[in-house]
Every structure is written in C-alpha cells, then in structure tokens.
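These notes are about the structure you will find just below.
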Number of protein chains: 2
Amino acid sequence: MATIRDVAARAGVSVATASRALNGSGPASPGTVELVRRAADDLGYRVNKAARSLRTQRTDTIGLLLSDVRNPFFSDLAYVIEQAAAADHVSVITMNADERTDRQEAALRSLATQRVDGLIVVPQGGATLEVPTGMPLVLLDRRVDGSPAPVIQSDNELGSRQMIDHLVELGHRDIALVAGPQSSSSGRERLAACLAALEGHGCTPRPEWIVEGDFQERSGHVAAAALLDTTPRPTAVFAGDNLMAVGVLSEARKRGLRIGEDIAVVSFDDSRWFPLLDPPMTAVAQDVESLGLAAYRALKDLVAGRPSGDVVVPTRLVVRRSCTTSSIPARRSA
Amino acid sequence: MATIRDVAARAGVSVATASRALNGSGPASPGTVELVRRAADDLGYRVNKAARSLRTQRTDTIGLLLSDVRNPFFSDLAYVIEQAAAADHVSVITMNADERTDRQEAALRSLATQRVDGLIVVPQGGATLEVPTGMPLVLLDRRVDGSPAPVIQSDNELGSRQMIDHLVELGHRDIALVAGPQSSSSGRERLAACLAALEGHGCTPRPEWIVEGDFQERSGHVAAAALLDTTPRPTAVFAGDNLMAVGVLSEARKRGLRIGEDIAVVSFDDSRWFPLLDPPMTAVAQDVESLGLAAYRALKDLVAGRPSGDVVVPTRLVVRRSCTTSSIPARRSA
DNA sequence: GATCAGGGTGGAAACGTTTCCACATCGAGA
DNA sequence: TCTCGATGTGGAAACGTTTCCACCCTGATC
C-alpha cells in the first residue's frame with residue numbers, strides 16, 4: 001500500500017507538505033494541494049490510521065459496549081450511534097458483554113488497548129466499571145453507583161407509571177411484575193416506579209407476583225411459569241423489557257391462556273414485532289433515536305473537553321390489544 | 001498511560017527485553033518475565049495497539065460489513081462472528097451499508113484506512129466491491145460476480161425447494177413470490193430455485209405474482225398490496241426474507257385476510273419472533289451459527305495464508321401454522 | 001532601498017512498539 | 001584450556017504519520 005512518502009515523491013514535494021496538503025492542516029498553495037491530491041488518487045493512497053493515531057494520540061474511533069446485540073433495543077441503538085459517528089468520520093467498535101460481567105471486563109480491556117477516544121457503555125449490574133482514567137465515558141440505559149459519567153436513559157419512572165395507570169384504568173388491580181435484574185439501575189428504577197404507582201392506586205401486589213428476571217427471553221418463561229400458577233392469578237403481567245415479554249407471552253400461550261382475554265401481557269420496550277403478535281402487544285416505547293443521538297453527542301462533548309450532563313428521554317405508551325378488559329373479575333367492574 | 005518504556009524502567013531491564021518478556025516472542029529468563037509482568041501490572045500497562053500495528057503490520061482487527069444490522073438475521077450473524085473473533089483476541093469493526101451501495105463504498109474506504117487484517121462482507125448487489133488488493137476477503141450470504149473471494153451462504157436452492165414442495169404438498173398451486181432484489185445473488189438464487197421447483201410441479205406462477213422487493217419491511221408491504229389485488233388471488237405468498245415477510249403479513253392483516261386460512265404467508269429466514277406471530281409463521285430456517293463460524297474460519301485461513309473455499313450451509317424447513325390448507329380451492333382437493 | 005510580515009516549503013523529531021543484530025555469559029565438549 | 005552453541009540481554013532501526021522549527025521567498029510598508 002502506498003504511503004505518504006510515495007505520494008510526496010510522485011507530487012514532487014516533501015512529506016511534510018504532502019501531509020499538510022491532504023489534511024488542510026497548514027499552509028499549502030492551491031497548486032500544490034491539487035498536485036498532491038492527484039498523486040494520492042493515482043496511487044490509491046489511504047492514510048494509515050495506526051501511524052496517525054500513534055502521532056496524534058487520537059484514534060477517531062469510539063467503543064460501544066452493549067449488553068446484548070441480539071436484543072433489538074440494543075441493536076437499534078447501535079445502528080443510531082454508528083450512523084451518527086459515521087457522519088463525523090468516527091468508527092465504532094461494538095462489543096458484547098452478553099449480560100455477563102466477565103465479558104464486560106474483557107471487552108473494556110480490549111477497548112483500552114485500542115486507545116479508543118471514548119466509550120459508550122451499557123453497564124452490567126454489580127460490576128465495577130474499570131475504565132482507564134481520563135477516558136471519556138458515557139453510560140447508556142443504566143447507571144452505575146458512584147460513577148461521575150453522564151447517564152443517558154429513558155424516563156423509567158414515567159414509563160412505568162404510564163403503563164400502570166393504563167392497566168388500572170382498564171380495571172386491573174391484580175398486576176404482576178417481571179422485573180429486570182435488580183443489580184441494574186433500569187431494573188431497579190422500573191420496579192420501584194411500578195410499585196409506587198400501584199401503591200398510589202391502592203393495589204399493592206402480592207409478593208409472589210413480583211419476579212426478577214435478567215432481561216433475556218428465557219427468564220420471561222421462567223417467571224411466567226411461576227406467576228401463572230399462583231392463586232389468585234394476576235390479571236395482568238408487566239414485563240421489564242421486550243425479550244422477557246416474549247418469554248411471558250409464549251409461556252402463557254403454552255398454558256392455553258388467551259392473551260388479552262384470560263390475561264393481559266404488556267412490556268416496557270416496544271418492538272417492531274409487537275404489532276404483529278397475537279394479539280398485538282401494548283408497550284411502553286422508548287425513543288431509541290433520541291437515546292442514541294444523545295449518547296453520541298454527550299460523548300462527543302466529553303471528547304472535545306466540553307462538559308456534558310445526564311439526559312432523560314421521555315417514553316410513550318403504545319396501546320394495542322394485549323390488555324383488553326374481559327379478564328377482569330366483576331368486583332372491579334364498578 | 002504507561003508505555004513499555006515505563007515498564008522496562010520499573011523492571012530494570014531494556015525495552016527490548018520487556019517486549020520479549022510480555023509477548024513471549026523471544027528468549028527471556030523466568031525471573032525477568034516475572035519481574036516485567038509485575039511491573040506491567042503495577043503500572044496498569046496496556047500495549048498501544050496503534051504502535052504495535054504500525055510495527056507489525058497487523059491490527060488483530062477484522063471488518064464486518066453488514067447490509068442491515070437491524071435485520072435480526074444479520075445481527076445474529078454479527079453476534080456469532082464477534083464471539084468467535086473475541087476468542088482469538090481479534091476485534092471486529094462492524095459497519096452498516098444500509099442496503100445502499102454508496103454507504104458500502106464509504107464503509108470499505110474507512111475499513112481500508114483502518115488496515116483491518118481482513119474483511120467479511122455481505123455485499124450490496126449491483127456494486128463492484130472495491131477492496132484494497134491483497135486484503136483477505138470473505139463474502140457472506142451473497143456472492144458477487146467475478147470475485148475470487150470465498151462465499152459462505154445458505155443453500156438457497158434447497159431452502160426454496162423445501163418450502164415450495166411443502167406448499168404444493170399442502171395443495172397450494174397458486175403461489176406468489178416476494179423475491180429479494182435481483183441485483184443480489186441470494187435474491188436471484190432463491191427466485192430461480194422457486195421457479196424451477198414450481199415448474200417441476202407443473203404450476204408456473206402468473207407474472208403478476210412475482211414481485212421484487214429489497215429485503216426490507218416496507219417493500220413487503222408494497223409487494224403484498226400489489227399481490228393481494230390480483231384476481232385470482234394467490235393462495236400462498238412466499239417472502240424472500242424475514243423482514244419482507246413481516247411486511248406481507250401486516251398488509252394482509254390490514255386487508256382483513258386471515259393468515260393461514262384465507263391466505264398462507266411463509267418466509268425464507270426464520271426468526272425468534274415467528275413462533276409468536278398470529279399465526280406462528282412457517283419458515284425456512286438458516287443455520288446462522290454455522291454461517292457465522294464458517295465465515296470467520298474462512299477469513300482466518302485467508303489471513304494466515306491458507307487457501308479457503310466456498311461453504312454452502314443446509315437450510316431446514318420449520319413448519320408452523322401460517323399455511324394451513326383451508327384456503328385452497330376445491331379443484332386441487334383430489 | 002531596507003525592513004517586515006507572512007505564506008509556502010522541507011528537514012527532522014517524535015509517537016510506542018517489535019525485531020534485527022551484536023554482545024556477553026555460561027556450561028559442555030574437545 | 002579453548003571453542004562452541006545456547007541463552008539472555010541491550011542498542012538501535014523501522015513502521016507511517018504529524019508537527020515543530022527554520023528557511024526562503026514575495027510583496028508591502030516605512
């Protein structure tokens with residue numbers, strides 16, 4: 001591959017001049033610029049990022065550490081962030097923690113040796129986030145205690161309240177919660193907000209109606225299996241993310257329950273698939289576009305040395321048909 | 001951040017020795033190794049990849065160019081490939097072409113300046129794939145004419161035949177096809193195989209029953225809109241990927257058609273969501289794990305200078321309930 | 001006509017590694 | 001005792017950039 005040396009030689013100028021001409025980083029006569037550009041084109045020259053990084057101490061690359069790429073919520077976030085970064089000619093190295101703290105550590109080590117300019121992390125609960133000191137860091141979707149990094153997240157309190165209010169309005173009083181892992185802030189916040197909202201309506205759930213999952217589909221199954229065997233059975237189940245909702249849904253189906261009639265199933269987190277389910281699922285939609293853009297912008301600020309703060313993005317209730325009222329016992333029909 | 005110089009100083013050895021000790025790349029006494037290791041640990045030393053790459057001409061990074069991360073088929077592939085690479089301490093830079101050729105070009109340019117060790121690409125149809133000469137390259141899911149790069153893909157011929165045979169066996173004879181873009185090899189192969197299979201059964205479809213989409217959800221809507229207005233109406237629609245199937249499904253629903261009763265809708269490409277749809281969708285499942293691993297292994301071979309060849313991964317028909325027989329006219333009940 | 005400002009240019013250092021080469025040490029074999 | 005090979009070590013070059021600095025012009029200002 002051609003180096004800047006080759007380009008300079010072909011253009012008949014020095015390496016220094018070639019560099020300035022290509023980057024516009026210093027004085028260079030229009031003629032020279034043209035000459036160097038042409039030489040670079042002819043040779044198919046592409047700057048060597050490793051060499052540039054070594055010299056400039058920047059990589060024009062950021063790290064994105066997700067907890068699960070296969071969760072559409074996160075893959076959509078990755079999409080938005082990658083798009084925004086590409087517009088700035090910044091590359092994104094996406095890694096996966098698979099909801100595991102050891103993977104998170106490994107990924108962070110790897111990102112550190114890459115000397116990425118900054119990091120957007122969806123942190124694993126229960127782990128201390130070991131990031132090289134001085135490395136710009138933005139937390140996405142979840143917070144971690146004691147970290148000074150800005151946090152970009154949905155308004156979990158609002159979203160939870162919207163859904164609980166909706167359910168109660170429909171007449172539900174026996175509402176079960178499949179919470180996210182309580183080691184994660186989003187899991188905690190959503191559960192707490194749901195409980196507070198329920199409390200406000202005077203319908204505190206039975207303890208056995210609160211089950212902790214891990215944001216993955218399997219745990220939705222397991223939780224539903226436990227929940228649906230209780231007597232009395234709850235009339236509605238609110239799952240803490242889209243994957244667990246899917247788990248709950250298929251477990252309920254397997255038991256022959258008609259969703260939306262025998263029992264309501266709803267989800268925090270919307271999904272493009274929800275409108276097509278049987279029946280279409282009511283959900284609290286997160287504004288993925290805003291979340292991703294805010295995270296990228298926050299990181300960009302940090303990298304540029306500007307201060308940056310937390311962002312809370314509002315949620316929106318999307319009512320579909322997975323919680324019609326027919327399942328509700330008469331006592332509440334008043 | 002500590003450099004190897006600092007480590008060497010702290011361990012009281014030369015830089016050269018420190019490097020050898022840390023990498024095991026040359027002779028070093030056990031005592032020295034221990035000493036250097038400890039010094040590195042104390043300092044929290046992480047090798048600077050840019051510097052290493054500059055010297056070694058390797059980056060231990062590969063590029064993965066996808067056509068659409070938000071398509072679960074591809075995000076699952078990304079997951080598998082990233083996992084496999086991580087086990088080798090290889091990083092993956094994932095980029096998105098968004099099914100657009102200009103984005104593909106931009107991404108390839110960017111990947112070239114990163115000097116990735118190799119490239120796994122899901123190529124856009126209709127574009128010539130400009131990859132730096134000598135750069136190891138593996139094509140995934142789709143082939144491109146004239147490229148000598150190994151191709152890893154599902155057995156489109158088998159999958160198409162499995163599905164057509166199944167439909168015909170159920171009594172369908174009026175089968176419509178929402179094909180993938182004919183600029184992509186997978187789109188072409190699947191359509192050709194479907195037509196051949198239909199021919200074999202003596203039921204060549206009417207021209208208006210063959211519609212070309214672009215693998216995205218919207219085009220499924222559009223195709224279905226056209227298809228469902230024809231008279232006679234086809235009794236079954238076979239979509240070329242999971243996203244277009246979703247589009248067809250929701251369009252059909254919007255028109256009040258009962259899927260699996262009034263009309264059958266099936267898909268090339270399975271999805272974790274398909275079992276939950278209304279009704280659960282019959283699909284040709286691709287073996288994503290095998291595809292991803294094969295692609296990574298092929299690239300690894302190429303990077304190591306070993307030859308590598310095409311891989312065709314078998315598909316599997318997953319029968320659910322989106323194509324029961326009630327929609328089929330009597331003429332075929334014999 | 002001398003001075004000055006500033007644009008354009010080239011030489012060379014520096015970034016942090018790895019690795020080639022030369023050298024020293026040591027034990028074993030002649 | 002001398003040589004030899006193996007082993008461990010350090011110096012220094014090289015990878016491809018960017019950027020500091022010094023230099024040479026040119027044209028304008030005094």
Side-chain angles (χ1 to χ4, degrees), chain A residues 1-37 39-40 43-61 89 91 110 112-117 132 134-135, chain B residues 1-37 39-40 43-61 89 91 110 112-117 132 134-135:
Chain A
M1 251 206 160
T3 77
I4 200 172
R5 228 183 186 80
D6 304 326
V7 174
R10 181 173 242 262
V13 300
S14 74
V15 174
T17 302
S19 174
R20 280 190 302 257
L22 288 172
N23 300 315
S25 55
S29 77
T32 309
V33 170
E34 182 53 25
L35 215 56
V36 173
R37 283 245 172 85
L43 265 39
Y45 170 74
R46 310 254 73 217
V47 65
N48 182 325
K49 257 198 167 187
R52 170 182 285 174
S53 301
L54 183 57
R55 173 65 227 226
T56 61
Q57 310 283 44
R58 289 175 310 113
T59 53
D60 295 320
T61 301
H89 297 107
S91 312
S110 166
T113 84
Q114 313 259 359
R115 299 290 198 277
V116 290
D117 292 342
M135 165 90 69
Chain B
M1 255 213 155
T3 76
I4 200 172
R5 219 175 197 86
D6 304 325
V7 173
R10 181 175 242 262
V13 300
S14 74
V15 174
T17 302
S19 174
R20 278 190 302 256
L22 287 172
N23 299 316
S25 55
S29 77
T32 309
V33 170
E34 181 53 25
L35 214 59
V36 173
R37 283 245 172 84
L43 265 41
Y45 170 75
R46 310 253 74 218
V47 65
N48 181 325
K49 257 199 168 187
R52 170 182 285 175
S53 299
L54 183 56
R55 173 65 226 226
T56 61
Q57 311 282 45
R58 289 177 310 114
T59 52
D60 295 320
T61 301
H89 297 106
S91 311
S110 166
T113 84
Q114 313 260 357
R115 299 291 197 276
V116 290
D117 292 342
M135 165 89 69

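Bear in mind that the values here come from a model prediction, so they are computed numbers and not experimental data. By convention in this document, chain letters (A, B, ...) are assigned in the order of the sequence lines, proteins followed by strands, and residues within each chain are numbered from 1.
Look at A/Thr17 and you'll find a side-chain N or O under 4.0 angstrom from OP1 or OP2 of C/dG10. The phosphate of C/dG8 has neither OP1 nor OP2 within less than 4.0 Å of any side-chain N or O from A/Thr32.
Recorded end-axis angle for the helix from C/dG1-D/dC30 to C/dA30-D/dT1 stands at 60°, based on five pairs per end and rounded to 10 degrees.
Of the possible donor and acceptor atoms, none in the side chain of A/Thr113 sits under 3.5 Å from a partner among the backbone N and O of B/Asn48.
If you check every strand for non-hydrogen atoms under 4.0 Å, A/Ser53 touches nothing.
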Expected list for residues 15-28 of chain A: side-chain donor-acceptor pairs under 3.5 angstrom, two or more places apart:
residue, atom, partner, partner atom, Å
A/Thr17, OG1, A/Ser14, OG, 3.1
A/Thr17, OG1, A/Arg20, NH2, 3.3
A/Ser19, OG, A/Asn23, ND2, 3.4
A/Arg20, NE, A/Pro27, O, 3.4
A/Asn23, OD1, A/Arg52, NH2, 3.2
A/Asn23, ND2, A/Ser19, O, 3.1

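The interatomic distance linking B/Arg20 (CZ) with C/dT19 (C1') rounds to 9 Å, in whole Å. Atom CG of B/Leu35 and atom P of D/dG8 are 15 Å apart (whole Å).
Partners of A/Thr32 by side chain to side chain donor-acceptor pair (under 3.5 Å), not counting sequence neighbours, listed by chain and number: A/Ser29. Shown here are the salt bridge (Lys or Arg N to Asp or Glu O under 4.0 Å) partners of A/Asp117, two or more places apart in sequence or in another chain: there are none. Among residues two or more places apart in sequence or in another chain, the side-chain contact (heavy atoms from CB on, under 4.5 Å) test is passed with A/Ser91 by A/Lys49, A/Thr61, B/Met95, B/Ser110, B/Gln114. In this structure B/Arg46 satisfies the salt bridge (Lys or Arg N to Asp or Glu O under 4.0 Å) test with no other residue, sequence neighbours excluded. Listed by chain and number, the residues in a side chain to side chain donor-acceptor pair (under 3.5 Å) with B/Arg10 are B/Asp42 (sequence neighbours excluded). Looking at residues two or more places apart in sequence or on another chain, you find no side chain to side chain donor-acceptor pair (under 3.5 Å) involving A/Gln57. Taking the salt bridge (Lys or Arg N to Asp or Glu O under 4.0 Å) definition, one finds that B/Arg37 meets it with nothing, sequence neighbours left out. Every residue two or more places apart in sequence or in another chain was checked for a side chain to side chain donor-acceptor pair (under 3.5 Å) with A/Asp6, and none qualifies.
Taking every heavy atom of residues 23-30 of chain B and every atom of DNA chain C, pairs under 4.0 Å involve B/Asn23, by number.
Contact of the A/Val47 side chain with the A/Ile4 side chain is not registered, since no non-hydrogen atoms from C-beta on lie closer than 4.5 Å.
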Tabulated below should be each protein N or O lying under 3.5 Å from an N or O of nucleotides 12-16 of chain D; please produce it.
residue, atom, partner, partner atom, Å
D/dA14, N3, B/Arg55, NH1, 3.4
D/dC15, O2, B/Arg55, N, 3.4
D/dG16, N2, A/Ala51, O, 3.4

